[in-house]
Amino acid sequence: MSVTSAQMARRAPGKLMREKFFARGPEVVGRELLGKLLVRREPDGWLVGRIVETEAYLGAADAASHAFRGETARNAVMFGPPGRVYVYFIYGMHFCVNVTCGPAGKAGAVLIRALEPLAGLERMAVSRDLAGDVKPKMLTGGPARLCEAFGITRERDNAKIYVSPRSDLQLRDDNFEVGRVSVTPRIGITKAAELELRYCVESSGCLSR
DNA sequence: GGAATGATAGTCT
DNA sequence: GACTATCATTCCG
């Protein structure tokens with residue numbers, strides 16, 4: 001499949017998601033975020049990707065969570081209101097994007113690990129510095145990959161991702177029905193590694209591994 | 001198609 | 001000063 005034929009969406013598909021959706025536990029939000037759309041406004045259209053893999057991170061009860069040791073300057077947004085973007089920097093070169101959930105004052109977030117790119121693939125390839133016949137998985141199959149494809153950096157931290165139609169980064173719902181979902185241990189962590197808080201759309205070819 | 005490896009900086013102790 | 005996690009590349013069977 002050629003990436004170069006994929007046009008950007010003229011309009012953002014589906015409807016903007018509401019804060020209420022995110023004001024629940026990370027396990028619920030992580031599961032229900034599968035099949036939803038992450039969109040990014042560009043001057044001449046929209047980048048669109050469907051979420052196919054997430055991980056839930058809890059607060060004080062989860063040793064793998066950034067919020068485990070309490071609130072700091074870095075993780076403060078996890079303790080804030082739901083539906084905000086929490087971006088963190090890892091490996092000295094990559095970003096990962098989370099959406100906060102649970103009520104304000106209680107830490108929780110869902111890490112978006114993989115998307116299936118639907119529109120604007122050519123633009124994503126440019127952002128990823130890839131050329132030629134690129135596989136969709138190389139565009140957005142992985143937390144750092146999708147951040148690069150969507151141009152998500154630390155500047156996005158604490159951005160509202162719900163309710164504001166003017167936001168250039170949104171989560172939207174087009175009532176897509178995901179197929180079978182698998183629940184597995186989370187990836188790339190050493191603490192609380194036994195907890196099964198990773199959610200995947202089984203049929204997707206864009207999973208991070 | 002899987003395993004091993006190197007690159008790297010921000011955060012907290 | 002210790003710790004943390006991803007991706008690209010390379011090597012192997």
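Each chain gets a letter, A, B and so on, in the order its sequence line appears, and its residues count up from 1.
Closest to the side chain of A/Met93, from the set C/dA5, B/dA7, B/dA9, is B/dA7. Checked against B/dT11, C/dA8, C/dT6, the side chain of A/Arg209 finds its nearest nucleotide in C/dT6. The side chain of A/Arg145 sits closest to C/dA8 out of C/dA8, C/dT6, B/dT11. Minimum atom distance to the side chain of A/Met138 is reached by C/dA8, of the listed B/dT11, C/dT6, C/dA8. Considering only the side chain of A/Ala144, C/dC7 comes nearest among C/dA5, C/dC7, B/dT11. Side-chain proximity of A/Ile90 to C/dC7, C/dA5, B/dA9: nearest is C/dA5.
If you measure from atom CZ of A/Phe95 to atom P of C/dA5, you get 17 Å, rounded to the nearest angstrom. Counting to the nearest Å, the C1' atom of B/dC12 and the CZ atom of A/Phe68 are 14 Å from each other. In this structure, the CD atom of A/Glu55 is 11 Å from the C1' atom of C/dA5, given to the nearest Å. Distance, A/Tyr91 OH to C/dT6 C1': 5 Å, rounded to whole Å. Per the geometry, CZ belonging to A/Arg198 stands 11 Å off P belonging to C/dT6, to the nearest Å. When rounded to the nearest whole Å, the span between OH of A/Tyr88 and C1' of B/dC12 equals 17 Å.
Phosphate proximity of C/dA5 to A/Arg186: absent, as no side-chain N or O sits under 4.0 Å from OP1 or OP2.
Of the two residues contacting DNA chain C, namely A/Lys191 and A/Arg128, the nearest-nucleotide position lying further toward the 5' end is that of A/Lys191. Between A/Arg154 and A/His94, it is A/His94 whose nearest contact on DNA chain B lies nearer the 5' terminus.
No more than 12 heavy atoms of other residues, nucleotides or ligands lie within 6.0 Å of CD in A/Glu155, so this atom counts as exposed by the packing criterion.
Residues A/Phe68 and A/Leu195 fall into different hydrophobic clusters, defined by Ile, Leu, Val, Met, Phe, Trp and Tyr side chains chained together at heavy-atom separations under 4.5 Å. Cluster membership for A/Val29 and A/Val97, using ILVMFWY side-chain heavy atoms within less than 4.5 angstrom, is shared.
Within the 4.5 Å cutoff, side-chain heavy atoms of A/Arg156 are placed close to those of A/Asp168.
Using a 4.0 Å heavy-atom cutoff across all strands shown, A/Thr72 reaches sugar-phosphate atoms only and no base atom.
Both the sub-6.0 Å distance and the 45° axial angle are satisfied by A/Arg24 relative to the ring of A/Phe21.
Both distances falling under 3.5 Å, in either a Watson-Crick or a G-U wobble arrangement, occur for no nucleotide opposite B/dT8.
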